[in-house]
Amino acid sequence: MRGGDTGCAHDAFGYPTLVGYVRPMTAAAPVSQPLIKASGLALSRGGRTLARGLSLAAGPGGALVLTGPNGSGKTTLLRALAGLARPEAGQITPDDRGEAIAFLGHAEGLKPSETVIATLQFWAKLHRAAPGSVEAALRAFAIAHLTERSCGHLSAGQRRRVALARVALSGRAVWLLDEPAAPLDSRGRALLAAAVARHRAGGGVVIAATHEALDWPDAEVISLASALESAA
Amino acid sequence: MSALAALFARELRLSWAGGGGAAGPAAFNLAALTLAPLAIGPSAETLAAAAPGVIAFALLLSALQSAERMFGEDTADGTLELYALAGPGLALAALVKMAAFALASLWPAPLIAFFAGLAYGLSAEASFALAAGLALAAPGLVMIAGFAGALSAGLKRAGLLIALIAAPLQVPILIFASGAGRAAAEGTGLAGANLMMTAAASLLALVLAPMGAAAALKGRLE
Amino acid sequence: MWSYFANPGRFDGLARTLIPWTAGLTVVLFAVGIPWALVVSPPDYQQGETIRIMHVHVPAAWLSMAAYAGLGASSFVYFVWRHNLADLAARSLAPIGAVFAALCLLTGSLWGRPMWGAWWVWDARLTSMLVLFLLFCGYIALRVAIEDERLAARSGAVLAMAGLINLPIIKFSVDWWNTLHQPASVIRFDGPTIHASQLWPLLVMTLAFTVFMVTLVLSLMRSMILETRAIALGRAIERRAEAEARR
């Protein structure tokens, strides 16, 4: 099938299969194969080229941190990886990755009239998550006391935690997070780092766009600023 | 299937709790039906002749009235992106969403139509034919309004645009549904044929509009 | 062959050579058709001189329908293959089709006054044309409302395809509505029996309007290509300035 992928020299994959593989992954891939891979990407927004010749790959346990100044195309790249935006050129594989992706954008997709628990239970049902995953996600982001609160009455940081809990309970292998830590306090960031570590230990992939430092061990940093320079 | 059922349940709950459910469209429908005779005049004959058209038209307006909300909010709050990645695909998600919306917001419409028909001086038989026509028409009208809503989601003055886009596409359903009431009132024996045509046009909208809405929404995400 | 001309530069060259010819042909055809239709051809035994309105009304009706068919077809091509040229064709056809539909409605109303004794009659053909006019208006309004060029093109394509699928159903439903609930009009526009003395000038006028429309579409598409080029040039200059500023 995608035999050509195995020869790619990136340090983000080639991690050994990991212990504590709790949840079944939607897209189970062989160890040596990246869960998501992009090559020769060119991105544009509103008819403007943002980056050209961008390549990346992440295998089980891998983490990529996309950095760069405002307007450098971090969000556009994440959306392209999710399959929400179409790159100008280049390829992203696998084609059927949509089913393996959990996405967190700028907008959290929370409904003001819906309670936290109803929101998470809905997403759990939609993703056919294992029983108990809602409770686990509530614990992971320390929001168990908010369950009966409606999403319209949450602070920005609390909203982000609920959205992250939604990502965590999806059981999907590839997490694409846009500025996941921006509105979080120090406790929230620690919880996020722990959840990311757990997901990676379970064989998942995390790709985050951020303009601030995230202390995730062994995460490969990809700077989009240089790609922007080369496009200009 | 269970994913779609979960989606349907959520959308039903959301348009019930957050959007006020059927109260808004029903109140709008009643207000229009109260004002129309005041504009037309009290002549019983004129009113009865105008009844099927006026009642069908009031339903069409109330279906358009809340179409802006259907995809506008999802586009703004990021829900659309999540639905696009959720698994069933955007077309099915759009179908389920619009169906839930139609049920939650327009379920009283046939009842209102029946009693309005009686109040306007139609026979019980004609009122029933009209109500049946509108019950068949409502899903199709909502689907077309939703398609227009998907095309204009997030735009300024989306409400106006929706009305302009949806109006020509809703012509067949409006004709057949009001035709059922008129045929029954005039005793031409064509009420059944009109009902069949209403159902056919509504079904076609049920199939095509979600695909169109998905194509429009996908373009919006890119 | 299509992919050969799908290149905007090549199309621009082709259009530049074609436009003088089609424009010239338009002038010649109108020079023959207008006097023939308005002066030379005999008045109708039933409708009298008003029959002459038909020589504008009927071509306008046909061409607005042809324009919508073209709009739907080029929208389909754009939606599937994303040829920008197809979108340019759609974008140029819409206002032209709308104007022809409006012309058809206006002449229909003028003709209706002496014939039916009313400026407007809910005749099936005229009503269908009115709905077609609304379809054009919706398409244009949607494109104007969306700022992002690519999104406007895509949304417009989806709407035009939906309209094209619906058009026969709308036509059928309007005919159904009209024949079942109103007596058929006594005098119709283009009945099956049209005398040869009327048919020939009508054909010439139709041909003239068709070539006229082709000329308009080609010129509009050309001006849009030039506009796109100018915008791209402006962007390149802007980008260079940005790069300089960063240095």
Side-chain angles (χ1 to χ4, degrees), chain B residues 49 52-53 140 143-144 147-148 150-180 182-183 185-186 188-191 193-194 197-198 200-201 204-205 207-209 211-222, chain C residues 68 72 75-76 78-80 82 87 94 98 101 122 124 127-182:
Chain B
M143 292 288 150
I144 293 170
F147 169 61
L151 279 172
S152 41
L155 297 178
K156 268 179 256 157
R157 292 199 291 167
L160 259 173
L161 203 53
I162 288 171
L164 184 56
I165 291 173
L169 302 178
Q170 287 173 326
V171 162
I173 298 181
L174 183 70
I175 286 177
F176 297 134
S178 60
R182 208 165 32 236
E186 290 166 5
T188 53
L190 284 165
N194 271 295
M197 297 307 294
T198 312
L204 194 73
V207 174
L208 291 179
M211 295 201 294
L217 294 171
K218 211 170 270 170
R220 196 154 292 276
L221 286 174
E222 272 179 18
Chain C
Y68 204 89
S75 291
F76 179 75
Y78 177 77
F79 189 76
V80 176
R82 310 239 173 168
D87 176 54
W122 292 93
T127 309
S128 292
M129 192 49 69
L130 188 58
V131 177
L132 181 66
F133 179 66
L134 281 180
L135 278 173
F136 276 121
C137 289
Y139 178 86
I140 294 168
L142 179 67
R143 294 211 59 153
V144 168
I146 303 177
E147 263 176 56
D148 182 288
E149 277 296 316
R150 229 193 298 186
L151 179 59
R154 221 183 128 136
S155 304
V158 171
L159 179 58
M161 288 190 292
L164 195 62
I165 294 172
N166 253 285
L167 213 50
I169 305 166
I170 293 172
K171 179 94 184 80
F172 169 76
S173 69
V174 170
D175 285 346
W176 168 287
W177 160 80
N178 193 265
T179 48
L180 289 188
H181 297 288
Q182 269 192 358

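Every chain is numbered from 1, with letters handed out A, B, ... down the list of sequences.
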| Heavy-atom proximity to chain C below 4.5 Å, by part of Ala193(B) | both
| said: Please determine whether the number of non-hydrogen atoms from other residues, nucleotides or ligands lying under 6.0 Å from atom CZ of Arg157(B) exceeds 12. | reply: no
| Residue Leu151(C) versus chain B: region with a heavy atom under 4.5 Å | side chain
| chain C contact via Leu169(B) - which portion, at a heavy-atom distance below 4.5 Å | both
| field | Positive for side chain to side chain contact (heavy atoms under 4.5 Å, CB included) with Ser173(C), one of Leu174(B), Val171(B), Ile173(B) | value | Val171(B)
| Candidate pair Ile146(C) and Arg220(B), rule side-chain contact (heavy atoms from CB on, under 4.5 Å), full reasoning | CA-CA 10 Å; Ile146(C) 303 177; Arg220(B) 196 154 292 276; 4.1 Å; yes
| query | CD1/Ile165(B) to CG/Leu134(C) distance, rounded to the nearest 0.5 angstrom? | reply | 12.0 Å
| field | Aromatic ring pairing Phe176(B)/Trp176(C), orientation class (parallel under 30°, perpendicular over 60°, tilted between) | value | perpendicular
| note | Rounding to 0.5 Å, atoms CG (Leu151(B)) and CG (Leu142(C)) come to a distance of 5.5 Å
| query | What distance separates Met211(B) CE from Met161(C) CE, expressed to the nearest 0.5 Å? | reply | 10.0 Å
| Hey, is NZ on Lys218(B) packed in by over 12 heavy atoms from elsewhere, all under 6.0 Å? | no
| At a heavy-atom separation under 4.5 Å, does Phe133(C) approach chain B through its side chain, its backbone, both, or neither? | neither
| message | Looking at every non-hydrogen atom in both residues, tell me the closest pair between Gly138(C) and Leu164(B) and how far apart they are. | response | CA-CG, 3.8 Å
| In terms of heavy-atom proximity below 4.5 Å to chain C, should Met197(B) be classed as side chain, backbone, both, or neither? | side chain
| task | Measure distances from Leu160(B) to the heavy atoms of chain C and classify the residue's part below 4.5 Å as side chain, backbone, both or neither. | result | neither
| query | Which bit of Leu155(B) is near chain C, if near means a heavy-atom gap under 4.5 Å: side chain, backbone, both or neither? | reply | side chain
| query | So which part of Phe79(C) gets closer than 4.5 Å to some heavy atom of chain B, the side chain, the backbone, both or neither? | reply | side chain
